[in-house]
Amino acid sequence: MLEYLEKIKDVSLLTAYNANIDAIKYVNEEFISSLISLYPPEKIREKIEEYPRAINEPLDFIARLILSIKLGKPAEVPLKNEELNDWFNSFKYDEEKIGGQAGIVSNLMAVLGLKRVIFYTPLISERLSRMFIDSNNLVYPIGNDELKLIKVKEVKKDKLTKINRIFEFKEGLTFKLGEEKIKAKASTRFIVASRPEALRMCFDNSVRKFLKELAKMIDCSFLSGFQGIKEEYSDGTTYIDYFERDREDIKTLKKEGVLTHLEFASIPNLKIREAVINYILREVDSVGMDETELANVLHSIGYEKLSDIILKESKIEDVIEGCKIILDEFKNLEVVQVHTLYYILMLTKEEVSLEELKNCLDFSTILAATKAKLGDIKKKEDLKVGLNVPYNEYKELFLKAYEEDNLKIVSVPSRYVKNPKSTVGLGDTVSSGAFVYYTSIKKRKSL
Ligand code: GLC
């Protein structure tokens, strides 16, 4: 483990664009039953069939939450009707944590001792900045006449704090919807995401004018939050304006030799999902996804059959097939990485050793197991916990390393924690660990 940490310590990383507070509620039978009692069971069932992609009324929320529990699949759905905020606030939340890919990853990487982590989100209040660890290697860019990097912990820029509500549930949670008995297939979470009008997922002009300078300070960037872009804003701008701008900025980063990664995320809005695919996925060097996200991308680019098979059967062979298609379709990509509950898989066109790639994925499974067990990784020593979690029982099936058609294909089984303390942010932890380690392999190669 120390060797792994030694390898990443020279890496400098930029994380953008999303960070928020996650208000977490651990769902038990009593809570879910009280929600169900608000509507006749048939109405809830009809709504589940309808599959709402935004939350306009409590029924939309209840339907999507139940579906997520029933399938054991994580999901994130935006809250459209702001008037429901009071209703959501009436629940008692158990915990508040840093949320959003950029927020989660920057704290984690700063703890792991990266040389420098530059974190950026356009909206940052004192309440949010307090959620970051106090560390000299974790900084925020402020641009006026010149570019300054200040500790994230010390930033007090805006008033508004974005808060998402996270509903976590454990495998085996059982309740009744009318006569139907429902049992959670896996431990995971359902997210009600807020979409503040004032939050625009891009670099603010004051920082953007220094982007080239910023790019020279980093080796790689972990980008996410595009799922938070709205179709339209009250000032007349639309999602296209932000996607075009973000694509330009990724080009700037790449020109300076920065390795760029997109963490795909759950994107229920189909227009926004298409835009993430066409503007961002077509530009970056690397992408991280879970199985459902991979299936969604495949569906969008015309592989409906394979997409359905992956969703229904979850076979690693199909997932590998899907990744090959993505690498072929998006020539800009050099890495595709998929994480599931049971394994992490990476395909790359680069000339890197299979052994190194295996280490890379093993490192990320240790991070994930540690986070699952402890809820948070607060210091390097915490990683001993993850290291002591054995590979899952399907180890033989998921340990692979081979070369085929000039592609390196490697997968490592997860270190499966049956009763995780919390699951939100696990995917981001695995993905960023693998991406940063991969960057370090490339960095060492080019020295
Ligand atoms: C998304 C959610 C955020 C959560 C994160 C975890 O960014 O919006 O609330 O913390 O996913 O993966």
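Note that ligands are numbered from 1 as they come in the structure, with each ligand's atoms numbered from 1 the same way.
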Query raised in the report: Of all heavy-atom pairs between Phe175 and Ser33, which one has the smallest distance, and what is that distance?
Result: CB-OG, 4.4 Å
Query raised in the report: Between Glu126 and Lys159, does at least one N-O distance fall below 4.0 Å, as a salt bridge requires?
Result: no
Requested in this report: Show which atoms of ligand 1 fall inside a sub-4.0 Å distance from at least one heavy-atom site of Gly99.
Outcome: 10 (O)
Requested in this report: Could you list which atoms of ligand 1 come closer than 4.0 Å to a heavy atom of Ile104?
Outcome: 6 (C), 10 (O)
Query raised in the report: Non-hydrogen atoms of Gly425 versus ligand 1: any pair closer than 4.0 Å?
Result: yes
Report task. State plainly whether the residues Lys418 and Glu171 are in salt-bridge range, i.e. N to O under 4.0 Å. Result -> yes
**Report entry** Top protein contact for atom 12 (O) of ligand 1, by heavy-atom distance
**Finding:** Asp428 OD2, 2.6 Å
Query raised in the report: Does Gln227 come within less than 4.0 Å of ligand 1, judged by its heavy atoms?
Result: yes
Can I get a per-line list of side-chain donor-acceptor pairs under 3.5 Å for residues 96-120, giving both atom names and the distance, sequence neighbours left out?
residue: Glu96; atom: OE2; partner: Arg127; partner atom: NH2; Å: 2.9
residue: Lys97; atom: NZ; partner: Gly375; partner atom: O; Å: 2.9
residue: Lys97; atom: NZ; partner: Ser422; partner atom: OG; Å: 3.4
residue: Gln101; atom: OE1; partner: Asn18; partner atom: ND2; Å: 2.8
residue: Gln101; atom: OE1; partner: Ser224; partner atom: OG; Å: 3.4
residue: Gln101; atom: OE1; partner: Gln227; partner atom: NE2; Å: 3.3
residue: Gln101; atom: NE2; partner: Asp428; partner atom: OD1; Å: 3.2
residue: Ser106; atom: OG; partner: Ala102; partner atom: O; Å: 2.8
residue: Ser106; atom: OG; partner: Gly103; partner atom: O; Å: 3.1
residue: Asn107; atom: OD1; partner: Ile133; partner atom: N; Å: 3.0
residue: Asn107; atom: ND2; partner: Met131; partner atom: O; Å: 3.1
residue: Tyr120; atom: OH; partner: Asp204; partner atom: N; Å: 3.0

Query raised in the report: Given Ile24, Val105, Ile98, Asn164, which one has a non-hydrogen atom that is nearest to atom 8 (O) of ligand 1?
Result: Asn164
Query raised in the report: So, Glu317 and Lys315, do they make that salt bridge, N to O below 4.0 Å?
Result: no
Query - Closest protein heavy atom to atom 1 (C) of ligand 1, given as residue, atom name and distance to 0.1 Å - result: Glu76 OE1, 3.3 Å
Query raised in the report: Where is the nearest protein heavy atom to atom 9 (O) of ligand 1: which residue, which atom, and how far?
Result: Asp22 OD1, 2.6 Å
Query raised in the report: Which atoms of ligand 1 are found less than 4.0 Å from any heavy atom of Asn18?
Result: 7 (O)
Report task. In plain terms, say whether Glu50 and Lys47 are close enough for a salt bridge, that is, a side-chain N and a carboxylate O under 4.0 Å apart. Result -> yes
Query raised in the report: Considering the options Leu259, Val11, Asp285, which one meets the side-chain contact (heavy atoms from CB on, under 4.5 Å) requirement together with Lys442?
Result: Leu259
Query raised in the report: Are Lys151 and Asp134 ion-paired here, with the side-chain N under 4.0 Å from a carboxylate O?
Result: yes
Query raised in the report: Are any of the N/O atoms in Gly100 less than 3.5 Å from those in ligand 1?
Result: yes
**Report entry** Where ligand 1 meets Ile166 - atom numbers and elements under 4.0 angstrom, heavy-atom basis
**Finding:** 9 (O)
Query raised in the report: Does Asp362 come within less than 4.0 Å of Arg415, counting only side-chain N to carboxylate O?
Result: yes
**Report entry** For ligand 1, the portion of Gln101 having any non-hydrogen atom under 4.0 Å away
**Finding:** both
Query raised in the report: Near Asn20, which atoms of ligand 1 are under 4.0 Å from a heavy atom of that residue?
Result: 3 (C), 9 (O)
